[in-house]
Amino acid sequence: MKPGECSLGNRLPVGGNGNKFEFPPQQGEDPWKECMDTAVQLALRAGQVVKKALTEEKRVSTKTSAVDLVTETDHLVEDLIISALREKFPSHRFIGEESTSAGSKCVLTDCPTWIIDPIDGTCNFVHRFPPVAVSIGFAVNRELEFGVIYHCTNGNMYTGRKGHGAFCNKERLRVTQEKAIRNALILTEIGPKRDPETLKLFLGNMEKLLTFQAHGIRVIGSATLALCLVASGAADAYYQYGLHCWDLAAATVIIREAGGTVIDTSGGPLDLMSCRVVAAGTMELAQSIAQELQTIDYGRDDN
Ligand SMILES: O=P(O)(O)O[C@H]1[C@H](O)[C@@H](O)[C@@H](O)[C@@H](O)[C@@H]1O
Ligand SMILES: [Mg+2]
Ligand SMILES: [Mg+2]
């Protein structure tokens, strides 16, 4: 099998260039429902492991900086999720935060691909600060199909499936319709760089939005849960430099299915691998924020 090609087991792609997935239309078939149901069950199972470990002693290591933390639970949970999915869907591909950190290629192809953050909010997890999540996203033909984000401490299960809406548990999610920075509650997160130039840019971006009379800016320590708060209408927008595709994949589907928009900080379309994002209930607010931000370069996930 050449890179980018993948077999569908007993189901071969129909037509196309052989790399794209085009299923024969079968009445009532919902090709990815089984995958999403599996993701929900796995997020629940993994979330229980995280919740139990939250109050226990932890061995903490660092990755790209002294504040970019990882624990044995991050690794254990990612292995649990990926091994279960690989057994059930052997032809699928996987992008995991800790596998990538250990050297696996972070490349999105047309193959059905799972994009996993085993613990989003590891710093919170280490400090026993509650916002901690398991995030499982899923893409086919480079299109995000569904996202599942489980809040490990309060038990909220956020789900979103392309064309099927977004939910928190059983409650439908809807974003706000706020268009102006001056009336907005805006969320962001601090990336792992702490050099003076980065800090100046990070604080400068906050200062700029506050001078535009934003009602407030909040940092909760979990990008995925902050994005879920935008999807649920509890905040109007989110922006960040320094997050990754595994922070973005699931949450992007959830926000879009809640009626929101997720774009690049340049104001152009989202680039999942670009380590940057602006998300909001309205395109007007997303664009207004994007045009005020100074870029902080964190490279790309797929480099
Ligand atoms: O806890 P992580 O999975 O490392 O995610 C981090 C993210 O990498 C960082 O950029 C911030 O968005 C944090 O809020 C996330 O928890
Ligand atoms: Mg994360
Ligand atoms: Mg993580």
Side-chain angles (χ1 to χ4, degrees), residues 43 46-47 49-51 53-54 58 60-82 94-102 104 106 114-137 147-153 158 186-195 198-199 201-202 205-206 217-230 235 237-252 254-255 262 265 272-279 296-301:
V49 172
V50 174
K51 184 175 183 179
L54 191 91
K58 304 170 185 74
V60 184
S61 311
T62 58
K63 297 190 288 189
T64 62
S65 77
V67 299
D68 188 7
L69 309 181
V70 63
T71 70
E72 70 273 35
T73 308
D74 294 77
H75 292 287
L76 184 147
V77 167
E78 184 166 312
D79 292 347
L80 179 159
I81 293 171
I82 291 182
F94 302 89
I95 295 174
E97 175 177 5
E98 308 315 335
S99 317
T100 303
S101 176
S104 297
C106 181
W114 299 81
I115 307 169
I116 297 157
D117 190 341
I119 301 181
D120 183 53
T122 297
C123 179
N124 288 352
F125 173 69
V126 168
H127 290 272
R128 304 182 185 184
F129 188 71
V132 177
V134 175
S135 181
I136 302 175
V148 171
I149 297 171
Y150 181 66
H151 191 312
C152 303
T153 47
Y158 296 91
I186 302 171
L187 307 183
T188 188
E189 289 296 329
I190 313 163
K193 285 182 176 177
R194 292 290 188 277
D195 59 280
T198 297
L199 291 178
L201 288 167
F202 173 79
N205 283 334
M206 271 193 160
I217 297 180
R218 304 279 188 274
V219 178
I220 67 168
S222 164
T224 61
L225 291 177
L227 288 160
C228 285
L229 287 170
V230 174
Y238 180 91
Y239 72 95
Q240 188 184 344
Y241 295 91
L243 76 175
H244 299 278
C245 61
W246 43 81
D247 295 305
L248 276 173
T252 295
I254 291 169
I255 287 187
V262 186
T265 52
L272 194 63
M273 298 292 172
S274 68
C275 297
R276 62 193 207 182
V277 70
V278 178
I296 306 172
D297 182 7
Y298 272 93
R300 293 182 62 83
D301 288 325

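In each ligand, atom 1 is the first atom listed, and ligand 1 is the first ligand listed. Nothing here was measured: the structure is a model prediction, and the numbers come from that model.
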Just let me know how Asp120 lines up against ligand 1, side chain, backbone, both or neither, with a heavy-atom cut-off below 4.0 Å. both
side-chain contact (heavy atoms from CB on, under 4.5 Å) with Val134: which of Ile81, Leu80, Ile149? Ile81
Nitrogen or oxygen of Ile119 less than 3.5 angstrom from that of ligand 1: yes
Taking it one step at a time, do Ser65 and Asp68 satisfy side-chain hydrogen bond (donor to acceptor under 3.5 Å, both in side chains)? CA-CA 5 Å; Ser65 77; Asp68 188 7; 5.4 Å; no
Is there any N or O on Gln240 that sits under 3.5 Å from an N or O of ligand 1? yes
Heteroatom N/O/S of Val70 within less than 2.8 Å of the Mg ion (ligand 3): no
In short, Lys193 meets Leu199 closest at the heavy-atom pair O-CD2, 4.4 Å
Atom 8 (O) of ligand 1 sits nearest the protein heavy atom Asp247 OD2, 3.6 Å
Considering only N, O or S atoms of Glu97, the one closest to the Mg ion (ligand 3): OE1
Is a donor on one side and an acceptor on the other found under 3.5 Å between the side chain of Asp79 and the backbone of Leu76? no
Please lay out, stage by stage, how Lys58 and Leu69 fare under the test side chain to side chain contact (heavy atoms under 4.5 Å, CB included). CA-CA 11 Å; Lys58 304 170 185 74; Leu69 309 181; over 6 Å; no
With rounding to the nearest 0.5 angstrom, report the CZ to OH distance, Arg276 to Tyr298. 13.5 Å
Nearest heavy atom to atom 3 (O) of ligand 1 wins, so pick from Lys63, Glu97, Glu98, Glu189. Glu97
When only distance counts, is Asp117 in polar contact with ligand 1, meaning an N/O pair under 3.5 Å? yes
Is there a side chain to side chain contact (heavy atoms under 4.5 Å, CB included) between Ile190 and Phe202? Walk through the geometry before answering. CA-CA 8 Å; Ile190 313 163; Phe202 173 79; 3.5 Å; yes
Is the closest side-chain heavy-atom distance between Glu97 and Thr122 below 4.5 Å? no
Under 3.5 Å, N or O to N or O, is Thr122 touching ligand 1 that way? yes
Any N or O of Ile190 that comes nearer than 3.5 Å to an N or O of ligand 1? no
Taking distance alone, with N or O pairs closer than 3.5 Å, would you say Leu69 contacts ligand 1? no
Side chain, backbone, both or neither: which applies to Ser222 and ligand 1 if a contact is any heavy-atom pair less than 4.0 Å apart? backbone
So which heavy atom on Asp301 is nearest to which on Cys275, and how close? OD1-SG, 3.5 Å
Vertex the Mg ion (ligand 2), ends Asp120/OD1 and Asp247/OD1: angle to nearest 10° comes to 90°
For Ser135 and Asp120, which I'm curious about, is there any donor-acceptor pair between the side chains at under 3.5 Å? no
Does an N or O from Gly121, backbone or side chain, lie closer than 3.5 Å to an N or O of ligand 1? yes
Gly242 heavy atoms, cut-off 4.0 Å: which ligand 1 atoms fall inside? 10 (O)
Does ligand 1 have a heavy atom under 4.0 Å from the side chain of Val70, from its backbone, from both, or from neither? neither
Answer yes or no as to whether an N/O/S atom of Asp117 is found below 2.8 Å from the Mg ion (ligand 2). yes
CD1 of Ile119 to CG of Asp74: how many Å apart, nearest 0.5 Å? 4.0 Å
